[in-house]
S.K.: 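One structure, as structure tokens, below. Some questions next.
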Amino acid sequence: MKKHNKNFNTFQEAQKVLGEDFWDVLSDAYPLIGPRADILQSEVEMVIIMDIPGIKTQQDIKISLQDPYLVIQGEIPNIEVPHYEYLQQERFYGSFRKKIKMPSNAIYQQLKASYRQGILQINIPTSGRTSSEDVTVPIEFFNE
């Protein structure tokens, strides 16, 4: 039986060679690779909701602004199950980097992020526009 991990190892090797450029090219060409995101918009804010299971601390995920993009990066840990081989592998694990274009009227200094039960939520107020300086977004963590 062919193991599915062989292709994934090639994926990881390409990531090591290309570094951050790998994620830029990959996310533009294949936006569904890595954690999925729902992006919602109202009159006063944009909300991003992502499933990112297994994150334990704030150091495991980084959210930053690189105008005009919000960049979310981290690593989803793999759950090792000894003495078994995969018949099917659909869950994503490993390093990821997702770029989301920000609305032109975003208020960068008021971004809020929270992580609870494997769900990352980022709220971006959109009632005005401030400077386009790079900003790192703190994450409020709820460990239950």
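Numbers here simply count residues along the sequence, with the first being 1. Computed over heavy atoms, backbone and side chain alike; hydrogens, waters and symmetry mates excluded. These numbers were taken from a predicted model, which means no experiment stands behind them.
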S.K.: Please report the interatomic distance NZ(Lys98) to CD(Gln73), rounded to the nearest 0.5 Å.
M.R.: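 Reported value, rounded in 0.5 Å steps: 13.0 Å.
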
S.K.: Grab the two heavy atoms, one from Ser42 and one from Thr126, that are nearest each other, plus how far apart they are.
M.R.: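 Reported closest heavy-atom pair: O-OG1, 4.4 Å.
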
S.K.: State, with a plain yes or no, whether a side-chain heavy atom of Arg36 is found less than 4.5 Å away from one of Asp51.
M.R.: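 Arg36 vs Asp51: side chains apart.
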
S.K.: For the residue pair Tyr86 and Ile79, what are the closest heavy atoms and their distance?
M.R.: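 Shortest heavy-atom contact: OH-O, 4.4 Å.
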
S.K.: Can you find a heavy atom in the side chain of Ile55 that is under 4.5 Å from one in the side chain of Phe141?
M.R.: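 The answer is yes, as the side chains (C-beta and beyond) meet within the 4.5 Å cut-off.
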
S.K.: I need the minimum non-hydrogen distance between Pro53 and Pro77, along with the two atoms involved.
M.R.: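 Nearest pair, atom of Pro53 first, then Pro77: O-CD, 4.0 Å.
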
S.K.: Indicate, with yes or no, if Ile76 and Tyr115 share a hydrophobic cluster defined by side-chain heavy-atom contacts under 4.5 Å among Ile, Leu, Val, Met, Phe, Trp and Tyr.
M.R.: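 Yes, Tyr115 and Ile76 fall within the same hydrophobic cluster.
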
S.K.: Taking the side chain as every heavy atom from C-beta outward, state whether Ile139 and Leu120 have any pair of such atoms under 4.5 Å apart.
M.R.: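 Contact flag for Ile139/Leu120 side chains = yes.
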
S.K.: When hydrophobic residues are tied together by side-chain contacts of less than 4.5 Å, even through go-betweens, does Met50 share a cluster with Ile63?
M.R.: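 Linked within one cluster.
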
S.K.: Mind checking whether Ile48 and Ile119 sit in one hydrophobic cluster, side chains of I, L, V, M, F, W, Y counted as touching below 4.5 Å?
M.R.: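 No.
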
S.K.: To the nearest 0.5 Å, what is the distance between CG (Leu111) and CG (Leu65)?
M.R.: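 Answer for the CG-CG pair, Leu111 versus Leu65, is 5.5 Å.
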
S.K.: With clusters defined by side-chain heavy atoms of hydrophobic residues (ILVMFWY) lying less than 4.5 Å apart, directly or transitively, does Ile39 cluster with Phe96?
M.R.: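 They do share one cluster, since a chain of ILVMFWY contacts under 4.5 Å joins Phe96 to Ile39.
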
S.K.: How many angstroms lie between CG in Asn123 and CE in Met46, if you round to the nearest 0.5 Å?
M.R.: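 Here the interatomic distance stands at 11.0 Å.
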
S.K.: Of the non-hydrogen atoms in Gln121 and Ile49, which two are nearest, and what is the gap between them?
M.R.: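 Between these two residues, the closest heavy atoms are CG-CG1, 4.2 Å.
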
S.K.: Any side-chain heavy atom of Ser114 sitting closer than 4.5 Å to one from Lys112?
M.R.: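 Answer no - side chains too far apart.
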
S.K.: Do Val71 and Tyr108 share a hydrophobic cluster (ILVMFWY, side-chain heavy atoms under 4.5 Å, transitive)?
M.R.: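 Cluster IDs for Val71 and Tyr108 differ.
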
S.K.: Locate the shortest heavy-atom distance separating Met102 from Leu70; write the atom from each residue and the value.
M.R.: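 In this case the closest contact between Met102 and Leu70 is SD-CB, 3.5 Å.
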
S.K.: Could you tell me whether the side chain of Ile122 reaches within less than 4.5 Å of the side chain of Ile100, counting heavy atoms only?
M.R.: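 They are not in contact (no side-chain heavy atoms under 4.5 Å apart), so the answer is no.
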
S.K.: Quick check on Leu40: does its CG atom have over 12 non-hydrogen neighbours (other residues, nucleotides or ligands) under 6.0 Å away?
M.R.: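 Counting other residues, nucleotides and ligands, CG of Leu40 exceeds 12 neighbours.
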
S.K.: Shortest non-hydrogen contact from Ser64 to Gln66?
M.R.: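 Result for this residue pair: OG-NE2, 3.7 Å.
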
S.K.: Do Arg97 and Ser95 come close enough that some side-chain heavy atom pair is under 4.5 Å?
M.R.: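 Not touching, per the 4.5 Å side-chain cut-off.
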
